[in-house]
Amino acid sequence: MSIYRASHKNPSKFELYAWFYVRVSGVLFLLMGAFDILYANLVVGRGGMTAGEQMRWAFFPISFHSSAIPSNAFWQIWSFLLVSMAITHGMNGLRVILDDYIRHPLWLKWWQAVVWLTWAAFLAMATWIVFSF
Amino acid sequence: MLAEEYKRPEPLLPKKNWERWFSVTKKGVGAWAFALHRLTGILLVLYLFLHFYVLRTLTQGAAAYDNMVQFMESPILILLEVGLVAVIIYHGLNGLRLMLMALNIGVRQHKIMFWTVIVLTVFVSLIAAILMFH
């Protein structure tokens, strides 16, 4: 959190919510990832999965990864949550980095627009891929 | 503290922003943790692009996906994946450390926590390497 930010003129609640979101989603990633790996091992693979299969199953646990598990709505929503939260977390990180290092207000606005557009495009792509199956 | 009351100190600005990025000398452990956290964060966003590029093959049918998976089993890519595990574990654990410090837990122990994060990252990456090259 730099004190040199160009966008510090009108403090709003947005930064506070973003900060809070990053913490909450960060903890959720760890918990969801741990749950996925445990589930993949103990319930689906019963120890018979290779490390690669395990990683794939853990982070995109729908039908194509493991023939043992058919695609279902629960895992689709789960995957969608995981990936959309990851995208938002990452793009918010980029936004903070821009805020920290770009001093010129116009360049800052330009790059912020790029980040928002990338976020939207990624979210659309994630929705498309996750709900195609 | 209200924003209106806050008087910004005269900053000692270096000539280039980029010089501040990873200048960890004369700063200490916290600066290393910060620089590594940013670096791993950026790497993870780049990985997200790559991840989507790979998963795009899913929409082209099972054969295309299997091809991609076979390609991913090559030793160089497995090595990169072990690196990915290290990056994820570091970013996650250091994130936990940051959160604990934001909650005012263990602020005095932040150095030992940083080294714990480093040791755990190396340990988990080694296990991942053994499992993945097995």
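All chains are named by letter (A, B, ...) in the order of the sequence lines, taking the proteins before the strands, and each is independently numbered beginning at 1. The basis for the numbers below is simple: all heavy atoms, side chains too, and nothing from hydrogens, waters or symmetry mates. This one's a predicted model, so the numbers in the text were calculated from it and none came from an experiment.
- Cluster annotation: B:Val45 is connected to A:Trp111 through the hydrophobic network of ILVMFWY side chains, with a link wherever side-chain heavy atoms come within less than 4.5 Å.
- Using a 4.5 Å heavy-atom cutoff, the side chains of A:Val96 and B:Arg38 are in contact.
- Atoms CG and CG, on A:Leu30 and B:Leu96 in that order, are 5.0 Å from each other to the nearest 0.5 Å.
- For A:Phe20, the CZ atom counts as loosely surrounded, since its 6.0 Å shell holds 12 or fewer non-hydrogen atoms of other residues, nucleotides or ligands.
- Distance check, rounded to the nearest 0.5 Å: CE of A:Met125 to CZ of B:Phe49 gives 8.0 Å.
- Rounding to the nearest 0.5 Å places NE2 of A:His89 at 8.5 Å from CG of B:Leu44.
- Note on A:Met91: it clusters hydrophobically with A:Trp107, by side-chain heavy-atom contacts below 4.5 Å among ILVMFWY residues.
- For A:Val83, the part lying near chain B is the side chain, with the backbone staying farther off; criterion is any non-hydrogen pair under 4.5 Å.
- B:Ile76 CD1: 12 or fewer foreign heavy atoms inside a 6.0 Å radius.
- Sequence neighbours left out, the pairs with a member in residues 95-104 of chain B that pass side-chain hydrogen bond (donor to acceptor under 3.5 Å, both in side chains) are B:Asn94-B:Arg97, B:Arg97-B:His110.
- Here the shortest heavy-atom pairing between B:Phe52 and A:Phe122 reads CE2-O, 3.5 Å.
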